[in-house]
Every structure is written in structure tokens, then in C-alpha cells.
Amino acid sequence: MVKNNYEIALRRYHFFLYFRIIMENKVRAILDSLNDEQGKAVQCTEGPVLIVAGAGSGKTRVLTSRVAYLLAQGVEPDRVLALTFTKKAAGEMKERIALMVGGYKARRVVMGTFHSVFVRFLRDWAGPLGYPQQFTIYDQSDSTAAVKAAIKELNLDDTVYKPRDVLSRISSAKNNLITVGAYRADRGAIQADTYSKKPRIVDVYERYQQKLRQSGVMDFDDILVNMNILLRDNPQALQSIASRFSYIMVDEYQDTNYAQYLIIKKLAQGHRNICVVGDDSQSIYAFRGAQIQNILNFKKDYPECRLFRLERNYRSTPNIVEAANSVIEHNAGRIPKKCYAQGDPGEKLKLIRAFTEQDEAMEIVSAIQKRMRSDGAAYQDFAILYRTNAQSRALEEQLRRRNIPYVVYSGNSFFERAEVKDMLSYFKLVVNPLDEESFKRVVNKPARAIGDTSVKALIAAALAHGTSLFRAAFLDDLEQFGLRSAAVLKIRAFCAMIDSLHQKVSSTGAYDLAREIADKSGLYALYKEDTSIEGQARFANVEELVNSVASFEEDCREEAEGAEDIFTLDDFLENVSLLSNVDIVDEEDTNNKVALMTVHSAKGLEFPYVFVSGMEENLFPSQNMLLSQKDIEEERRLFYVAITRAGKAVSLSYAGTRMRNGRHESNSPSRFLREIDSQYLDRPLEDDSFGVSGAFGSGGGFGRSGFAQSAHPSHRERWAPPAHVAAGGYARPPKPSSESRRPEAARSPISSVPAQSKPAYTPDPDFEPLPMSEFRVGQRIEHNRFGPGEILDITGKIPELKARVRFDKLGEKLLLLKYAKMRLEK
DNA sequence: AAAGCGGTACTTTTT
DNA sequence: GTACCGCTTT
């Protein structure tokens, strides 16, 4: 007996030793792949930790290793919370952790985006917060539509109260946890709104919130606001949620806003094991409330915190890193750090100068093909980045022309299609019948003889009773709002259909229910019967959406490893609503394809070869960002992000003219190009490349008399005109301004001389306006629709030039030249 | 009630 | 140049 016990104890001890050796091996394996500083950061698990991680410094490696290290120390996976900005980032980290500690443990780590993790908690506490358990989430376009509806209900002019602007105002209020009441009490905010001639924004805010409430819906910001409310007002919830975790990690901390900051603070206040990772130089989301202060002030909140700096860049060549450094040094108030790379300095950054955006695109495509031959690179090694989504067009055209496979990372592709939105609205409405925007969208799709008039009356009834459209449908005083009994019956039939589907949500698999909705709603049949080419494409999209429900369900089952959960449509919706641009693209879709995306979307990604296109003033930096020094610094960080995506080579391109909003625009090369230390560029940037002088001959050639010839169409096609021609032709050729010559001035032109920074060209008030094109008074023209005629006179200011035309058949008409489809008569 | 037209605004970035 | 809105027409 004694011996037996002894043996057991010995065995246990052996097992313990054995176990320890395995663990030590695991730990060693984890730490072996790290440099000194990374290793320290990984092992410093207790207490607050700030990791300032430069671009390409192995930030993800540190984060994943740190989680793996914690698990190897015996920490239970579900006590670790890791927050990221995109699902893609979270997914990749999970995969890497799984490689280190196995999938079983890795999957149990609570890892996801702020929004998706918090939504889970909010579901558990939906009741106390006054939401239905199956609340749904409004995306940007739903929110905008709801704001618009709120504006209309308040009888405000939606051309003054532009829904997008109002929403962004409301959004920043929410991101700073300013409720409607606090907003009303905030004299500064009210004054600002009054000053911008929109004093009733706060009323719209109030109405908008009411609508969301009645609809049982949260917008993106509400997820954060409600999380804060929950943690503030519900001690039980705070206790339950905060005590679940003993370690918290936050990625991209520089991009957190106040609401997120406060949630993290509350969750960490017990154990203070909070590790945040970020790079102040890569803070690019101020427009959605991100506060760079959060990372700068981390030390103030956690005085005992340890700081680790990851300064060695493993991604990029020294030339790229130094070029990026030289740019970011133009910003004030950064966390001091010196990023560096070792090894072969690599190629210098390449400048590409083109006449038009098409030329620019061609140059880029040629460079890609050349590079593939010289370096044996594959398509997926390339990324083309740009400031605005609209710029992808010209690039796509050229890529298609040369049969180069590419993938565009952008939100407005699949999920923005009308037919997909219709189907999704049905899904949302079935999950949450109170959802007003979804209700309005699909109530008469396919046609059920429930027209605008009926819907308007129903809205009035809902408004009067302070309830949702769905509930309003069953009121018994609907006649008072002008609804005929036939219409009421049809509406109620629709609601009954939705309700019967709604009953099945929690008991039916997502895919089965999706199919049933597609059938019962009649949407499937509606799209199927349209046999036109576009109709077939629409049908295919609806099919694809429904199929994606199936693959979602499969993914979930795989993840759950046979646990007998059923995955329902509300799970699917939640997942879809919180996808980011980079999440939407299928992994298989990126195989051997050139990637196109905005610089914002590119954050966190890397490619061997990066092209940054549209390096022009007013585009990058954006013209909307030229007003304040703060904004310029954010644009500069954005440019920094762009450059540091590259491993081997960076090409920066700019065009002399490009089409924007249907007009040709000319801009000089971006100031950021001038900010790159010239020793890292393959050639010096011409001081006077575009829009100023030089390239097209200075001054004389484009005077008043010179304009008539240069504006001839054939001439214009070959030679991109400098700015003063494209801008309308009546401005003087600018004198080479001192601003473009002096780098010091270029660094801070805004704060010192705001007047000079914007209009590079002063219009001559005495000069008679000429049309920007070939049209003259007295000329005969031919209009696409109105036929032949004669130009009587031309009035108005650029760009609103109007031509009075007497048409031979139709008489006089006033046409806006920039839109009129007419040409000189042959 | 749907389709078709003309007018208007739009392009900064996104969870 | 396009997407969207609201008005008009059938």
C-alpha cells in the first residue's frame, strides 16, 4: 500500500517532469524565433505593458507569441482576451497561435474585433439594456438612411442637413460617449452646429436614437456606447464580464477611440494585466474618433507600465525604412523611436510621372510585368494602393486590358449590390421584425401592391404611436392615417409571413432558413425570372449570398468540432454586418492576383512590391485635409503606412491630369514626395513637374492667346494641359510660387500661410470667361438629344458655365456645358 | 404602381 | 461620368 502510494507519487512526479520538459520546449520554441526586445515583451505578462511597434517590426509575431506563452504557462485560453481591428487580423493570429499551441487551445482564446466581441456580450445583456436579444446591426448605409428618415420626420431640409454629415456628427458624439442629453447641454457642440447652420442636429440625433431603439437595432457606434453603459450601470454585468478575463491584449491601440479606451480600462481595472500594441506613426482613423492620445497617454493611466520598443524592421529594405522615416519626421509629437532595417539597402524608391491617370495605370502595369520577368515575382506579390476608392477604376481598366488578374478590396462590391441588400434585408427583418429600414426596403419587393402611399401612412401611424412599422401594422386605428382596409390586409399578410419565418430563427439552421426566406419572400423567383444579362447576374449574386450562408454554417461547425450547436441566421448576420473591407475578399480570391486597395485598408498588410498611385496635391494629401496641421499630419501618417507596406520596392506615381467628378483636374505632385529625403529616391523630383511650368514650357506658351490652340481636342489628348488650362482656361499661368520651391514652406504651409496653400491660381476678374472646351458664341453644334443648334451666349462662372443654345427644332435651351452632350457641327 | 426622365450631388478614409 | 432622388407619365 505504502509502496503503491509511493509509486503513484513517483509516477506523478515523472509525469510532471515530462510535462515540464514539453512545456519548456514549447516555451523555448516560442522564444527562439524572437529578438531580445520581442522576447522581453512576450515574457512580461504581468501588469500593464505598452509595446510601441514600428511598421514591420514583428508586432503580430509578438502578440501571438505572447498569447502562446501565456497558454504555455498554464493560463486558461478563455481567460485571455485579444482585440483587433479586423476579423482578418484576428483570424491570422488565431492560426499562428494554433501552430504554436494547437488548435484546441487557440480556438478558445477570446479573439476578435472590438465590435464582434462586444456584440456577444451585449446579446447576453440585451434585456437589461432594453434591446431584443436578437437585435440586429445597422451598417453605414442603413444608418444614413435612418438619419435621413429622421431628418424628414423633423421637417428639416436634407440638402442643408446632409444625412452623411449629420451622421458623422452623431457618430463622433457617440464615440466620445456624448448622449443626446449631454449633447444638448454641451454649449460648444451646439454653438458649432449653429455656426454651421445646422442648429437642430441634436434633434436629429434624438430622433435617430429613438428610431434605432424602436427598431431593436444598434449602429456600429451603439455597440461601443452600450457596452460602456452596461459596464457603468450594471455592476453585475461588469463583474461577470470583467472577471472572465485575466489578460487583455489590444492591437492597433493608436486607433482606439474614447469609447473603446474606456471599455478596455474598465475591463482591465481589476488585474491590470493589459498589454497594448501600437504605433503612433500609424494612427490613421481620427476621422472615426480614434485618439492618438490613448497611446501617448498610456503611461498616465498606468504609471507602473513597462514600455517596449520594437524598432527593427524585418519587412522592408533599409532604403524603404529610411525613406519612410524621413517622411514621418515632419510630424511633431511622436513617441521617440528610431526604426531601422539591416542588410542590403535595396532599391531606391521609384518615382513615376504620367500625363493622365490612364497613363499612370499603364506605367504601373508595365512595371509589374517587367518586375515579374526580372525578379520572377508572382501577381500576389504586388499591391497598388490609392487614397480614394474611385481611383481603382483606371487601374482596373489597364489591368484588364493586359489580362492581369487582380482583386479589389473594397466594401462597395458584393454587399452593396441592390439584390444582395434586398436579400440581406429580408434576413434582417426575419431575425428582427422591428427593423424599420429593412422593413421599408423589402415590404413591396417583389411588388405586393403596397405602395409609397401606404408605407407613408404606416410610418405616420408608427410615429404617432411611437412604435415600429411591424407593430404598427397591427394597430386598429390605421384608417385614421389614410390606410385603406385592402392595404392594411396586404401589409398584415406581409407581416404574418415575416413573423412565421421569425418563429423559426432559433430552431432552424441558417442555410435552411435562408433558402426558405428566399422562396417565401418571392425574391428568389423575382430574380430568377429575369433572363436579361444583368438579371442573370443579379440572380447569381442572390445565389452566391445564399450559398455563403451555407459555407458560413460549415465553417462554424468545423470550428465547433462536432459540438451539436446549430448555427442560425442571426449568427450569420452578425458576422456579415461586422466584416471589414479586407475581410470580404475570399482567401482563394487573392491567389495569384494583384491587390488593389485604399491605403487605409492596407494597414497591417504587407507586399513585396507596392505602388502608391495618385501622389498629387488635393488627392494625397486629400483636399479635405489641407485645412489644419492636425489633419495634414494624419495624411502624412497615412503615407507612412503606404510606404511601409512594402518589402522590396516602392513606386510612387502621379499624373498631370485626372478625371474627377466628370472633370479634368490638374494638381502638382504631392508635397509628401518632396518630404522624402532625396537620397532614397531614384531620381530627383522636378521642382516644376506639373501644373506649374517647365514640363510644358513655362509662361508664354499658355497665355491668353495660346489657350485657343492648346485647347484643341487633338492637342489635349496628347498633351495633358497644365493646371491653369484644365482649370478653365481663364486663370493666369501661375508664377512659380515660392511655396513649391522651399522645402521649409512645404512642411508647414498650412499653419503659417493658409491663404497661399489652397488656390494656386488667382482668377483674373477682368478677363472674359471662355468655355473650357472648344465651344464659342455663334458656333453651330449638335446635341445628342436636342439635335443641331447654335450657341447664342455663354454665361456663368467655371465650373458652372452655361450655354444658351437655340436648337433648330426645339428653340432655346440653357445647358450646363460640363454635362451637355454636344459637339461642334461637322 | 412602375418606369423613365431630368436634375443634383458626388469621392476621403471604415468598424 | 454615375448614382440617386423626385417628378412625371403610362
Side-chain angles (χ1 to χ4, degrees), chain A residues 83-90 112-119 137-141 143-145 148 152 158-159 162-165 167-168 171 174-175 218-224 252 255-257 259-260 283-290 385-394 409-412 416 418 444-455 487 576-584 597-603 614 618-626 631 634-635 637-639 641-642 658-665 785 799-800 813-816 818-821:
Chain A
L83 298 169
T84 63
F85 263 77
T86 64
K87 288 199 185 216
K88 188 180 181 186
T113 65
F114 282 89
H115 294 263
S116 59
V117 169
F118 295 161
V119 160
I137 297 160
Y138 271 181
D139 66 16
Q140 182 106 337
S141 68
S143 299
T144 311
K148 187 170 184 173
K152 292 237 162 115
D158 71 353
T159 57
K162 291 182 187 151
R164 280 178 54 138
D165 294 352
L167 178 62
S168 111
S171 172
K174 290 191 189 181
N175 284 325
M218 295 188 197
D219 68 8
F220 287 139
D221 304 315
D222 285 333
I223 294 171
L224 304 178
E252 308 280 16
D255 284 324
T256 51
N257 59 38
Q260 290 165 322
S283 164
I284 56 173
Y285 282 107
F287 70 90
R288 81 178 197 219
L385 309 182
Y386 34 78
R387 179 64 178 79
T388 67
N389 280 305
Q391 286 166 254
S392 74
R393 202 192 176 110
Y409 291 66
S410 88
N412 51 347
E416 301 278 307
N444 199 29
K445 196 167 286 184
R448 297 186 175 88
I450 304 171
D452 270 355
T453 333
S454 307
V455 175
V576 163
S577 307
L578 299 172
L579 287 179
S580 74
N581 277 351
V582 289
D583 296 325
I584 288 171
M597 69 188 88
T598 63
V599 183
H600 281 93
S601 299
K603 194 171 73 151
N618 298 324
L619 187 58
F620 198 0
S622 159
Q623 56 193 344
N624 305 303
M625 293 273 117
L626 295 175
D631 289 341
E634 172 137 328
E635 292 284 296
R637 291 191 292 270
L638 192 57
F639 182 50
V641 167
R658 76 173 61 234
M659 192 76 131
R660 270 222 277 177
N661 303 343
R663 333 198 316 104
H664 292 284
E665 262 185 25
R785 293 200 316 120
E800 310 294 307
K813 281 191 189 302
L814 203 58
L815 302 171
L816 258 182
K818 66 173 172 177
Y819 297 115
K821 287 183 180 162

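In what follows, chains carry the letters A, B, and so on, assigned in the order in which the sequence lines appear, proteins first and then strands, with residues in each chain numbered from 1.
Rounded to an integer number of Å, the gap from A:Asn175 CG to B:dT14 P is 16 Å. Counting to the nearest Å, the P atom of B:dT12 and the CZ atom of A:Arg387 are 8 Å from each other. Between the CZ atom of A:Phe639 and the P atom of B:dT13 there is a distance of 19 Å, given to the nearest Å. Atom CG of A:Leu224 is separated from atom P of B:dT14 by 18 Å (rounded to the nearest Å). Between the CG atom of A:Asn661 and the C1' atom of B:dT12 there is a distance of 12 Å, rounded to whole Å. Atom pair A:Asp452:CG and C:dT8:P shows a separation of 15 Å (rounding to whole Å applied). In this structure, the CZ atom of A:Phe220 is 15 Å from the P atom of B:dT13, given to the nearest Å. Rounded to whole Å, atom C1' of B:dT12 lies 9 Å from atom CG of A:Leu619.
The base-pairing partner of B:dT12, taking Watson-Crick or G-U wobble contacts with both distances under 3.5 Å, does not exist among the strands shown. With a cut-off of 3.5 Å on both pairing distances, the Watson-Crick or G-U wobble partner of B:dA2 is C:dT9.
Residue-level contact check: A:Lys152 touches the backbone only, with heavy atoms under 4.0 Å from sugar-phosphate atoms and none from bases. Within the 4.0 angstrom heavy-atom criterion, no nucleotide atom of any strand lies near A:Phe114. Using a 4.0 Å heavy-atom criterion, one finds that A:Gln140 contacts the bases of the nucleic acid, with or without backbone contacts as well. Nucleic acid contact class of A:Lys87 (heavy atoms, under 4.0 Å, all strands): none.
Proximity of A:Ser601 to the phosphate of B:dT14: a side-chain N or O atom is located under 4.0 Å from OP1 or OP2. Contact check, A:Asn389 against B:dT12: no side-chain N or O comes under 4.0 Å of OP1 or OP2. Put simply, A:Thr598 has no side-chain N or O that comes within less than 4.0 Å of OP1 or OP2 on B:dT12. OP1 or OP2 of B:dT11 lies within a sub-4.0 Å distance of a side-chain N or O belonging to A:Arg164. Between B:dA2 and A:Asn444, a contact under 4.0 Å exists linking OP1 or OP2 to a side-chain N or O. Put simply, A:Lys162 has a side-chain N or O that comes within less than 4.0 Å of OP1 or OP2 on B:dC10.
On the P atoms, B:dT13 is 15 Å away from C:dC4, given to the nearest whole Å.
Out of B:dC10, C:dC5, B:dT15, the shortest distance to the side chain of A:His115 is found at B:dT15. In this structure, the nucleotide among B:dT13, B:dC10, B:dA2 sitting nearest to the side chain of A:Phe287 is B:dT13. The A:Ala447 side chain lies nearest to B:dA2 when the options are B:dC10, B:dT14, B:dA2. Taking every side-chain heavy atom of A:Lys148 into account, C:dC5 is the closest of B:dT15, C:dC5, B:dT12. Nearest nucleotide to the A:Thr453 side chain, out of B:dT12, B:dA1, B:dT13: B:dA1. Considering only side-chain atoms of A:Thr388, the nucleotide from C:dG1, B:dA2, B:dT13 that sits closest is B:dT13. Relative to the side chain of A:Tyr285, the nucleotides B:dT15, B:dT12, B:dT14 differ in distance, and B:dT14 lies closest.
The two residues A:Lys88 and A:Asp583 have their closest heavy-atom pair at N-OD1, 2.7 Å.
Along DNA chain B, the nucleotide nearest A:Leu638 and the nucleotide nearest A:Gly451 are compared for position; the residue whose nucleotide lies closer to the 5' end is A:Gly451. Heavy-atom distances to DNA chain B give each of A:Ile284 and A:Asp165 a nearest nucleotide, and the one nearer the 5′ end belongs to A:Asp165.
Between the side chain of A:Ser392 and the backbone N or O of A:Asn389, at least one donor-acceptor pair lies under 3.5 Å. Between the A:Asp222 side chain and the A:Asp219 main chain, a donor and an acceptor come within less than 3.5 Å of each other. Of the possible donor and acceptor atoms, one in the side chain of A:Ser143 sits under 3.5 Å from a partner among the backbone N and O of A:Asp139. A donor-acceptor pair under 3.5 Å is formed between the side chain of A:Asn444 and the backbone N or O of A:Ile450.
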Trace of the side-chain hydrogen bond (donor to acceptor under 3.5 Å, both in side chains) decision for A:Thr113 with A:Ser116: CA-CA 5 Å; A:Thr113 65; A:Ser116 59; 2.8 Å; yes
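Less than 6.0 angstrom separates the ring centroid of A:Phe287 from the ring centroid of A:His600.
Put simply, the side chain of A:Arg660 and the base of B:dT11 share no donor and acceptor less than 3.5 Å apart.
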